[in-house]
Amino acid sequence: MFEGVEAFYRPTTVREALHLLRKAKGTARIVAGGTGVVPGGDRSVRFLIDITRAGLSYIRKRGGAWTIGATTTMAEIEDSAEMRMLAGGLLASAAAACGSVEIRSMATVGGNMANGSPAADLAPPLLALDAEAAIAGTAARRKMPLADYLAAVCAGKMKNALLVEIVFLEPSAARGGWCFQKFGRTAVDISLVNVAAGLQLDARGRVKWARIALGAVAPLPLRMPAAEALMTGRILDRALLAEAAESVSDTVHPIGDIRASADYRREISRVLTGRALEQCAARAGYSL
Amino acid sequence: MKHMELRLTVNGVAKHWTIAPGDILLDVLRREGYFGVKRGCETGECGACTVLVNGKPINSCLMFAAQAEGAEILTIEGLAKPETLDPLQEAFLDRGAVQCGFCSGGMILAAKALLAHHPHPSEAEVREALSGHLCRCTGYRKPVEAVLAASTKKRPARAKAAEVSR
């Protein structure tokens with residue numbers, strides 16, 4: 001499948017990886033877990049650059065900000081005591097929902113983002129956490145909102161850049177709740193729809209802010225600003241949850257394919273959003 | 001075709017192989033005679049090609065061989081001692097969890113990795129650990145029973161006695 005590959009590199013620093021990427025002039029592929037690159041089977045690849053030895057496997061906290069290195073595996077996120085606590089375990093539960101045990105010990109957060117799949121399970125939670133992507137490329141290292149990074153990947157503009165790490169702030173825990181929901185045919189299936197939601201309430205049960213992001217319902221994983229806005233400032237009750245879920249199903253524009261029809265995905269978007277928000281409320285200690 | 005050197009340990013034995021830079025680990029292992037590593041779907045869905053790399057179960061159909069440089073690999077061939085089977089292999093036989101055998105190697109290695117970290121898993125944990133393995137003959141009940149049986153067998157005598165007295 002990869003007969004045309006002339007060299008396999010295992011750089012030990014990001015600088016070395018970038019140098020190799022530049023030298024290959026668009027004929028190289030970055031590899032981490034391999035779960036995206038190998039089944040992709042791109043025969044035009046001439047050079048493979050394995051970044052799993054470049055020192056990018058870590059979960060760290062600096063000040064109030066969390067940093068996850070690009071080659072951190074799903075299993076490492078799933079098993080991390082800190083990630084199980086953070087935002088009610090939002091990221092850990094999304095990582096745990098991704099593929100089989102075998103896939104999770106290979107697949108990385110960086111690959112999950114750089115692969116550009118609209119169904120990437122870590123994308124909705126990271127979007128809901130307002131994460132940023134740190135990119136190294138021909139220019140200096142820079143940070144951009146993860147949503148912009150995903151859009152750039154989708155547009156094919158990130159081929160000569162390396163995703164180094166994901167950064168996000170620790171969300172406030174007071175009267176807040178988070179939830180990840182995934183729907184697939186089987187436990188190991190690609191998501192037909194996935195949802196990450198979070199909200200914070202004030203002492204009277206008014207929504208201070210809501211965050212909702214969905215995957216597999218558009219060419220890109222998306223935040224749902226309309227649904228978030230309609231919830232903000234209002235008392236949380238079942239009618240408001242239904243209204244937000246309805247708004248989400250109006251906003252998504254899924255495709256129909258071999259896995260599910262567009263209508264079905266839209267309906268699942270409504271149902272999963274409702275479930276996710278209900279869970280958020282429960283975890284915030286609020287009874288509807 | 002360019003070539004490169006690969007140094008790794010397979011089933012406790014140091015190996016030095018010449019590979020192509022785009023070689024997949026599954027192909028290299030089978031080429032070197034480890035036929036217990038099965039070629040199934042080749043897309044990471046069936047689990048038949050599972051091996052342990054540094055103790056972690058992975059789909060060898062999704063890993064470039066070059067990524068295994070310096071790694072310790074365990075294939076199903078390396079699990080039994082010359083005269084005795086691994087308790088998991090015994091349990092799979094006792095429970096009739098093997099029919100055609102194509103999925104068994106992968107399942108047993110996944111179970112081996114599970115028991116290394118959780119010596120006494122719940123049924124749900126066993127099912128989760130085996131979720132990446134497709135069986136087309138016996139189904140999943142017997143393999144799950146076998147893993148649970150192996151985990152109980154391994155339990156120290158004292159823990160067992162405590163359970164009986166309860």
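Every chain is numbered from 1 and lettered A, B, ... according to where its sequence line falls, protein lines coming before strand lines. In this text, all values refer to a predicted model and were calculated from it rather than measured experimentally.
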Please classify the contact of [X] with chain A as side chain, backbone, both or neither, using a heavy-atom distance under 4.5 Å.
{"X": "B/I24", "answer": "side chain"}
{"X": "B/E128", "answer": "both"}
{"X": "B/M4", "answer": "side chain"}

*asked:* Out of A/V37, A/L48, A/T52, A/D189, return the one with the most heavy atom pairs under 4.5 angstrom to chain B.
replied: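 Heavy-atom pairs under 4.5 Å are most numerous for A/L48.
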More than 12 heavy atoms of other residues, nucleotides or ligands under 6.0 Å from [atom1] of [X]: yes or no?
{"X": "B/E72", "atom1": "CD", "answer": "no"}
{"X": "A/K159", "atom1": "NZ", "answer": "no"}
{"X": "B/R7", "atom1": "CZ", "answer": "no"}
{"X": "A/R141", "atom1": "CZ", "answer": "no"}

Going from [atom1] on [X] to [atom2] on [Y], what distance comes out if it is rounded to the nearest 0.5 angstrom?
{"X": "B/Q67", "Y": "A/M106", "atom1": "CD", "atom2": "CE", "answer": "7.0 Å"}
{"X": "B/K56", "Y": "A/E76", "atom1": "NZ", "atom2": "CD", "answer": "5.5 Å"}
{"X": "A/E3", "Y": "B/D23", "atom1": "CD", "atom2": "CG", "answer": "9.0 Å"}
{"X": "A/E102", "Y": "B/C61", "atom1": "CD", "atom2": "SG", "answer": "10.0 Å"}

Closest non-hydrogen atom pair, [X] against [Y]:
{"X": "B/A129", "Y": "A/V101", "result": "CA-CG2, 3.8 Å"}
{"X": "A/S100", "Y": "B/G132", "result": "CB-CA, 3.4 Å"}
{"X": "B/E69", "Y": "A/R53", "result": "O-NH2, 3.0 Å"}

*Just one of A/V38, A/V5, A/D50 clears the side chain to side chain contact (heavy atoms under 4.5 Å, CB included) bar with B/F64, so which one?*
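Result: among A/V38, A/V5, A/D50, A/V38 is the only option passing the side chain to side chain contact (heavy atoms under 4.5 Å, CB included) with B/F64.
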*asked:* Let's go through B/L62 and A/I103 carefully: what are the C-alpha distance in whole Å and the side-chain angles of both, what is the deciding distance for side chain to side chain contact (heavy atoms under 4.5 Å, CB included) to 0.1 Å, and is it a yes or a no?
replied: CA-CA 9 Å; B/L62 295 184; A/I103 295 289; 3.6 Å; yes
*For B/P57, does its backbone N or O pair with a side-chain atom of A/S105 as donor and acceptor, under 3.5 Å?*
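Yes, A/S105 side chain to B/P57 backbone: donor-acceptor pair under 3.5 Å.
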_Region of A/A107 that comes under 4.5 Å of a non-hydrogen atom in chain B_ =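 The answer is neither part of A/A107.
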*Select, from B/T50, B/D27, B/T43, the one with the greatest count of heavy-atom pairs under 4.5 Å involving chain A.*
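Among B/T50, B/D27, B/T43, the one with the most close pairs to chain A is B/T50.
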